[in-house]
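There's a structure below that I have some questions on.
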Amino acid sequence: MRKLLFPIFIVIVTITILFRLFYLQVVDDTYIKKSENNALKIVYEYPERGYIFDRNNKLLVANQPSYDIMVVPKEVKDIDTLALCKMLNITLEDFDAKLKKAIVYSPRLPSIFLPQLTKAEYAEFQEKMRHFSGFYIQKRSLRDYQVHAGANLFGYIRQVNEDNIKNNPYYRSGDLIGVQGVEQQYEEVLRGVKGVKYIQRDRFNREIGSFKDGIYDTLAVKGSDITLTIDNELQAYGELLMQNKRGGIVAIEPKTGEILALINAPSYDPALLVGRERSKNYTELYNDSLAKPLYNRVLSGEYSPGSPFKILTSLIGLQEGVITEHSTFSCSRGFFYGRGAWMGCHDSGTWNLKHALAISCNTYPSQTYRRIIEKYKTPSEGIDKWHDHLASFGLGQFLGYDLPEGRKGHIPNSDYYNRWYPNKGWKSTTTISNAIGQGEVILTPMQLANVMAAVANKGYYYTPHIIKNIENHNIDKNFVTKKTTTIDSKHFDPIIDAMEDVFRFGTGSSAQVPGLAICGKTGTVENFTRINGKRYQLTDHSVFVAFAPKDDPKIAIAVFIENGYWGSRWAGPITSLMIQKYLLPEIVRTDLEKRMIEGSLKSEYDKVVQLYKMTDRNKK
């Protein structure tokens, strides 16, 4: 028996090897189909990217044909380089640089030599392509924008980089990918699926037909169309109102969390980032470090919210039982606290909750905040309870919206103050600025708008989102799941009445609209910048939040204007006009419209530029 063991072993090993060879050569063509295989040429067919529509089915983003010249370096032989350069209007240095880059990627694989030919270039090259071995034309599609608004929410398309290729095997050199906005967020459904053809070549490198009769070839699958929640007319109108200004507007449908408009200013025409000039235009936009047209202020801009935060202070005070709607506090043009510490106010008198909110008194929310913190045994317990109420509105955290950027703002808790005051030598008055939305409280305009949606709904909200429908797909269930705040619904009624009074006789009365019940709140936010380590105070920011109509809210909105003085000067009128545009057949306050469209804050922004220049000179 021992004599048979070795022969049996040899037979088993031989059968295993033969079986493996048969499997690799006949059954499994993985290695044969490898793109580095000299006997095969792989040609990709790029699908048309999915179209983008607005909530009213208006086409926003379509496609246009584009033609790239591809090169396979190893196949470039005996060509008239000068003739090619002349035809493509490039220099010999450009030719060498592009070919070297292609060789670095792969001598045998195709890569883009010259992207996005004009129609004239395409026609001329196609006619003479047979004279330039190793070069061929790859057809694909580029975005074709049907509108001039919405650049920041759309994002843009560019060629993949090394990280994209490394992290996702789907992409190859020269492929296009969505960056920022909707294009990035919904890349996988918009891009579709590439088709592929395997073409067999003989030993002379001549094409002899499809590999294995095309059984491994696949057809390209068009990307899915998507419908956004955006109202294009409202979006375009908002961008018109924001010309010559910096800041952001975000409008939400309270009952669904659908984003109706998301405006960043300054913006740019999305068509600038399409075509051969894309790189040049992008560089110019990117290098504008002051206006920052590529920066999404609505999602990533973190600001002190100012007086709109008094709404939340009041709601928490009602929920915690430290005030009622009938509670009164006296104000003598400010609030005294601590040793001579003073928080100024613009009026004096004894106010109840509704009147204090309507005229934007600072004393009332400060007294309320102090009672909230001092209700508990320690300031730490009080501030944590306050923090938790605010967190239920989505503050101090990412909201979970479907756009791939943003900041979470900041709502301080006891850990934060204990780090700043190691001996725990802090109390309610130490943090009193939080009461009026200054201090350590930081929000994004998106968060402010979401707070308005929660107030309009009397205590609940849906995660803000920009997707309404995806062809052949379901949207994220998170967007149709109700989120409930820690504030009982009964406490919202006096706050909503007070916000209506803001328009009736309070700080927003100049922006009221006859026959339309709007609830809102003005805000004026201190604005500082730091240059070369020194702190400078600039013109205040203008803020306004609102929802309408009062009894059946259909739009909640936040408007933030950088260097815009006080809330009712710029943000208030723009808020009123956006609400009119969405709810009414026509604009009623044409006086406001004319002033906002023609108005400019350029002189304020020029002051900032001059300040930077002056400090740079002083530094030298």
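Owing to the predicted nature of the structure, the values given are computational and were not obtained by experimental measurement.
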NZ or CZ of K483 within 45° of Y461 ring axis and under 6.0 Å: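 Judged by the rule, K483 and Y461 form no cation-pi pair.
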
R297 to F560 six-membered ring, cation-pi geometry met (6.0 Å, 45°):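 Here R297 fails the 6.0 Å and 45° test against F560.
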
Cation-pi geometry met for K581 and Y237 (6.0 Å, 45°):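 That pair qualifies as a cation-pi contact.
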
Any donor-acceptor pair under 3.5 Å from T507 side chain to S360 backbone: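 Side chain of T507 to backbone of S360: no pair is present.
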
Sidechain-backbone polar pair: K292 side chain, D288 backbone, donor-acceptor under 3.5 Å: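 Answer holds: no.
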
Centroid separation Y364 to W351 less than 6.0 Å: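 When the ring centroids of Y364 and W351 are compared, they turn out to be at least 6.0 Å apart.
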
L60 CG to I52 CD1 distance, which is reported to the nearest 0.5 Å: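 With rounding to 0.5 Å, CG (L60) is 7.5 Å from CD1 (I52).
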
Aromatic ring pairing H465/F479, orientation class (parallel under 30°, perpendicular over 60°, tilted between):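 The arrangement is parallel - the two ring planes meet at less than 30°.
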
Side-chain (H541) to main-chain (N563) donor-acceptor, under 3.5 angstrom: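 Answer holds: yes.
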
Main-chain N/O of S392 paired with T485 side-chain donor or acceptor, under 3.5 Å: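 Flag not set: sc T485 to bb S392 has no pair under 3.5 Å.
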
Those residues that, when tested against K408, pass salt bridge (Lys or Arg N to Asp or Glu O under 4.0 Å) (two or more places apart):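 Per chain and number, K408 pairs via salt bridge (Lys or Arg N to Asp or Glu O under 4.0 Å) with no residue.
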
Non-neighbouring partners of T590 that pass side chain to side chain donor-acceptor pair (under 3.5 Å), sequence neighbours left out: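 Checked T590 against side chain to side chain donor-acceptor pair (under 3.5 Å); zero matches.
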
Parallel, tilted or perpendicular, as decided by the 30° and 60° cut-offs, for the rings of W420 and Y416: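 Because their plane-to-plane angle lies in the 30° to 60° range, the rings of Y416 and W420 count as tilted.
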
Contacts of R595 that satisfy salt bridge (Lys or Arg N to Asp or Glu O under 4.0 Å) - sequence neighbours left out: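 Residues passing salt bridge (Lys or Arg N to Asp or Glu O under 4.0 Å) with R595: none at all.
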
Residue pairs involving residues 496-524 (criterion ring-ring contact (aromatic ring centres under 6.0 Å, His included); sequence neighbours excluded):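 Matches after skipping sequence neighbours: H355-F505, F503-F544.
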
Test salt bridge (Lys or Arg N to Asp or Glu O under 4.0 Å) applied to E239 - qualifying residues, sequence neighbours left out: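 E239: no salt bridge (Lys or Arg N to Asp or Glu O under 4.0 Å) contacts found.
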
Set of salt bridge (Lys or Arg N to Asp or Glu O under 4.0 Å) partners for D497, sequence neighbours left out: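 For D497 the salt bridge (Lys or Arg N to Asp or Glu O under 4.0 Å) partners, ignoring immediate neighbours, are K550.
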
Sidechain N-carboxylate O distance under 4.0 Å for D606, K602: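 Result for this pair is yes, salt bridge flagged.
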
Trace of the side chain to side chain donor-acceptor pair (under 3.5 Å) decision for Y582 with D231: CA-CA 9 Å; Y582 189 65; D231 182 307; 5.3 Å; no

